[in-house]
Every structure is written in C-alpha cells, then in structure tokens.
Protein chains: 2
Amino acid sequence: MSVQTGDERDGRHLPEAAVERLAGYLRVLSTLPPIGTICSDDLATAAGVKPAQLRRDLSYLGSNGTRGVGYDIVLLTQTLSSALGAQQSHRVALVGVGNLGRALVGYSGFRGRGFKLAALFDVDPHKVGRFVGDLRIDAGADIVEVCTDRGISIGVIATPRESAQGVADVLVAAGVRSILNFAPAVLEVPSDVRIRRVDLGLELQMLAFHEARRAEETTRTSNRGSTS
Amino acid sequence: MSVQTGDERDGRHLPEAAVERLAGYLRVLSTLPPIGTICSDDLATAAGVKPAQLRRDLSYLGSNGTRGVGYDIVLLTQTLSSALGAQQSHRVALVGVGNLGRALVGYSGFRGRGFKLAALFDVDPHKVGRFVGDLRIDAGADIVEVCTDRGISIGVIATPRESAQGVADVLVAAGVRSILNFAPAVLEVPSDVRIRRVDLGLELQMLAFHEARRAEETTRTSNRGSTS
DNA sequence: CTCTGTGAACTCTTTCACAGCC
DNA sequence: GGCTGTGAAAGAGTTCACAGAG
C-alpha cells in the first residue's frame with residue numbers, strides 16, 4: 001500500500017509562512033489557461049516572490065515539476081488544492097452583518113475555492129430575518145444550534161470589539177475550531193482552536209510607522225544638506 | 001552627550017515583526033487608565049505575547065521601564081505613539097467605495113490614532129458626488145489632483161482586482177508612498193513605495209489548510225482506534 | 001525580593017549555489 | 001542548453017536565563 005497522496009508524506013515540516021504563499025501560488029495558477037507548464041521563474045514573479053523560495057515551498061509538497069521544463073499547470077493546481085484543503089467544501093458562518101460583514105458576503109473568494117458561506121448571524125433584531133443574497137440572517141442566540149445543524153467548521157467574526165470574545169466562546173461551543181477575527185481584540189480560546197486576526201488599525205499603523213521613519217530620514221538628510 | 005530620544009537612537013535594528021506587535025501594545029495601553037504602571041507579564045498577557053518578547057520589543061525603543069516596578073503607562077504610551085508615528089496626522093485616501101470601502105470609512109481606528117480619512121474615490125458615476133459621512137466621493141480620474149491638494153500620504157485600495165494595479169499607479173503618481181491593498185492582486189510599484197496587502201481569501205485558505213490537516217489526523221487516529 | 005534589559009542559544013525562514021535530470 | 005530539487009550557509013526572529021537596578 002504505497003500510494004503517495006502527497007497529503008500524508010510531506011517530506012519535512014511545512015513552515016507556516018510557506019502555507020500562506022502556497023495559497024498565493026494557487027491563485028496565480030487559477031488565472032492561467034489550464035494547459036502546458038510554467039517555470040519557477042515566471043510563477044514566482046507573478047506571485048511576488050523569488051524563484052528559489054517558490055521551489056523550496058513546492059518541494060515541501062514533494063516533487064511536482066519536471067527538470068528542464070517546469071511545473072505542469074493542471075498537476076500543480078491539483079497538488080496545491082489538495083494540500084490546502086481546497087477540495088473539501090468548508091462551511092463558513094459569518095457573525096456580524098454590518099458593512100464589513102456584507103463586504104465579506106459579497107467577497108468572491110468564498111465561491112469556487114472550497115468555501116461555502118452557510119450561516120449569517122447578527123444580534124440586531126432589525127437585521128434578523130432579513131436576507132443577504134439567499135442567506136437568512138439568524139439571531140446571535142441561535143449560533144450553537146444553527147452551526148451544529150449545518151456542520152459549520154469555520155467562523156468569521158465581524159462584530160465590534162466588545163462582542164468578539166463572547167461570539168468566539170459561542171462558536172467554540174458550537175464545535176467551530178477555526179476562526180477568522182476582524183475585531184481588534186485578542187481572543188482567548190482553547191489551544192486546539194485556530195485563530196487568525198485581521199486588524200485594519202494595525203495595518204494602518206504599520207504604514208504610519210514607515211511614513212514616520214521616512215519623514216525622519218528626510219529631515220536628517222536635509223539637515224546635513226546632502227544630496228548624494 | 002547621552003541624550004536618548006528613543007526616536008533616533010534605536011539601539012539595534014527594529015524588526016518588522018516587532019512593529020506590528022508594538023501597535024498592539026499601544027492599543028492595549030489605550031484601554032488602561034492613564035495612571036500608574038504595568039509590568040511586562042500583565043501587558044504581554046493582554047496583548048497575547050510572551051513577557052520576554054514584549055520586553056525585547058520595548059527594548060528596541062530604549063529603556064522605558066523601571067526594574068522591580070514595571071512600565072509607566074503614560075510614559076510608555078508616549079514612547080510607542082512617537083515610535084509608531086501616531087503623533088502626526090496621516091492623511092488617508094480610500095479608493096473604491098463598495099461595501100468594504102464603506103466598512104473602512106466607518107472603522108473607528110481612523111479617528112484618534114493619527115489618521116484622518118481625507119479623500120474618497122470611486123469610478124462609478126452613480127457614487128461620485130454622494131457623501132459618506134461628511135466626505136464627498138470624488139471621481140477616480142481626479143485622484144492625482146485631489147490627493148496632491150490634500151496632502152495624502154497613505155492610500156487604501158478597496159477596488160476589485162482588475163482595477164487595483166491602475167489605481168496603485170495613479171496613487172504613486174500622486175506622491176503616495178504607503179498603500180494598503182485589499183484587492184487580491186500583487187501590485188508592482190517603485191521600490192520606495194511600501195505596500196501592505198490584506199487578503200481575505202488567503203486568510204480563509206490558511207484556516208482551511210489547518211482544517212484539512214485536522215481532518216487528516218482524525219482519520220489517522222480513528223484508523224488506529226486509539227483514544228489515549 | 002520584583003521585574004527590567006539583554007547576551008547568548010535556539011528555532012524558524014530565506015537565500016545561495018550547484019548536482020542531477022530532462 | 002534549461003530548470004528543478006535540495007544541502008548547506010546565512011539571516012531573522014524568538015526564547016531562555018540571569019545580571020543588575022530599584
């Protein structure tokens with residue numbers, strides 16, 4: 001029984017940082033015609049990384065290229081999809097249907113990439129019962145019941161900060177083990193629950209930091225009157 | 001002559017990864033009463049990092065604590081604000097006023113953290129001229145003129161993928177050197193322009209990856225019938 | 001005694017450079 | 001010739017553990 005699926009035999013430990021890039025490669029591939037091959041140089045450029053990095057990343061999944069030629073686009077797409085779990089259909093629940101929530105509902109990344117948005121929740125009684133697309137907004141109080149019923153495995157929190165921890169607790173109680181958190185809060189969850197946070201304020205501050213540093217350097221430079 | 005301002009004398013090279021956490025510390029501090037001190041253990045816990053990491057991060061900005069006591073909350077807030085450029089007011093332009101764009105306009109992180117949302121743009125003629133809050137939506141064609149006029153230093157791209165590169169080009173032409181990109185595209189810009197990308201699809205796929213891995217492990221475990 | 005600041009060890013990630021296959 | 005896959009080196013970032021200030 002030595003069928004190599006590429007899922008179980010990963011060679012070395014696949015680094016967390018590489019997973020993020022693999023998803024990027026998969027997206028680039030999806031914009032390509034599904035025929036022929038592509039070499040590491042071209043794919044790396046399109047994905048915004050160096051060729052050596054791409055080859056290393058792919059090597060974690062086994063040998064999927066042909067020396068002297070490149071990577072078969074169809075084959076590589078399959079390998080990546082499988083490694084990233086894009087073959088299964090993950091059911092996603094979204095909590096908090098404000099502007100951000102609606103933006104997420106409209107986000108095309110759900111469709112056709114292994115994700116199915118399968119539940120919406122909000123605490124606002126004015127919103128409960130209304131539809132966004134073809135999905136009904138359910139009451140926050142029903143999270144456990146509805147999520148369990150629909151086999152939700154991924155939760156997205158798009159509520160204000162104050163509600164985020166409570167929502168996380170309830171999602172965990174509903175059996176959700178992966179959470180994407182847009183609220184600017186550090187959530188406490190059991191260690192087997194995986195959280196990813198997207199924090200808009202933080203992203204802005206990173207940019208502000210570099211702006212500040214830039215201004216500082218400009219000042220210093222002009223103080224010295226150097227133009228070299 | 002050992003005047004340590006903390007701004008110029010950074011000791012060692014401040015790692016990119018640390019900047020992100022510094023912003024997190026600053027946020028935690030802002031939720032605290034502005035009196036007394038806090039020790040690395042407590043602040044680290046609240047920010048979701050280890051105490052040693054917090055101390056190391058702060059040490060990049062110089063010595064801002066008192067041994068045996070902790071960090072003065074007011075003083076540390078000032079140090080962090082200054083280091084992160086939260087003292088200046090950065091003018092931000094948002095391009096693409098769809099659901100995501102509106103969510104960003106409503107985002108409270110702009111106010112009171114050194115950011116001023118100072119321009120909105122959209123290509124849709126139906127949107128141009130309308131107001132969101134007290135800001136008028138201007139035409140995409142006017143980006144260069146308006147951004148230059150209003151001294152915009154940070155641009156946020158919340159358009160569909162197809163438009164993102166074009167918008168980036170125009171922002172760069174308008175003198176913007178820091179861009180936050182929500183479109184799922186790799187943008188090409190001059191090397192002195194700093195880009196941060198927030199990619200919702202990618203975040204979801206990272207979670208999916210770990211879900212897939214989890215499922216795999218469950219299968220393996222149940223195959224062996226082990227419950228220990 | 002408490003808690004910071006930091007050299008040193010360690011781990012994780014990237015990059016180089018080239019052997020090996022087409 | 002061209003391009004992949006990878007050992008080995010370099011570089012970044014994290015954690016330990018303890019000297020030393022209060």
Any donor-acceptor pair under 3.5 Å joining the side chain of A:Arg56 to the base of C:dT13?
->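 A donor-acceptor contact between them is absent.
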
Write down the distance between [atom1] ([X]) and [atom2] ([N]), rounded to a whole number of angstrom.
X: B:Arg21; N: D:dG13; atom1: CZ; atom2: C1'; result: 8 Å
X: A:Asp72; N: D:dG5; atom1: CG; atom2: P; result: 12 Å
X: A:Leu75; N: D:dT4; atom1: CG; atom2: P; result: 14 Å
X: A:Glu20; N: C:dT14; atom1: CD; atom2: P; result: 10 Å
X: B:Leu14; N: D:dT14; atom1: CG; atom2: P; result: 11 Å
X: B:Leu61; N: C:dT6; atom1: CG; atom2: P; result: 12 Å
X: B:Leu54; N: D:dC16; atom1: CG; atom2: P; result: 15 Å
X: A:Arg55; N: C:dA19; atom1: CZ; atom2: C1'; result: 13 Å

Donor-acceptor pair between [X] and [Y] side chains, under 3.5 angstrom:
X: A:Gln205; Y: B:His90; result: no
X: A:Thr79; Y: A:Asn64; result: yes
X: A:Ser178; Y: B:Glu211; result: yes
X: B:Arg55; Y: B:Ser40; result: yes

Between C:dT13, C:dT15, C:dT4, which nucleotide gets closest to the side-chain atoms of A:Lys50?
->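 Looking only at heavy atoms from C-beta outward on A:Lys50, the closest nucleotide is C:dT15.
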
Out of D:dG22, D:dG13, D:dC3, which has the shortest distance to the side chain of B:Arg67?
->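 Nearest listed nucleotide: D:dG22.
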
Output yes when at least one side-chain N/O atom of [X] is less than 4.0 Å from OP1 or OP2 of [N], else no.
X: A:Gln53; N: C:dT15; answer: yes
X: B:Ser40; N: C:dT4; answer: yes
X: B:Ser63; N: C:dG5; answer: yes
X: B:Tyr71; N: C:dG5; answer: yes

Exceeds 12 heavy-atom contacts within 6.0 angstrom, atom CD of B:Glu188 =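 No, because the 6.0 Å sphere around CD of B:Glu188 holds 12 heavy atoms or fewer from other groups.
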
Looking across every strand, which nucleic acid part, if any, lies under 4.0 Å from A:Asn64 by heavy atom: base, sugar-phosphate, or nothing?
->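 Touches sugar-phosphate only.
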
Using heavy atoms to find the nearest nucleotide of DNA chain C for B:Thr66 and A:Ala52 separately, return the residue whose nucleotide is more 5′.
->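 The residue whose closest nucleotide sits nearer the 5' end is B:Thr66.
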
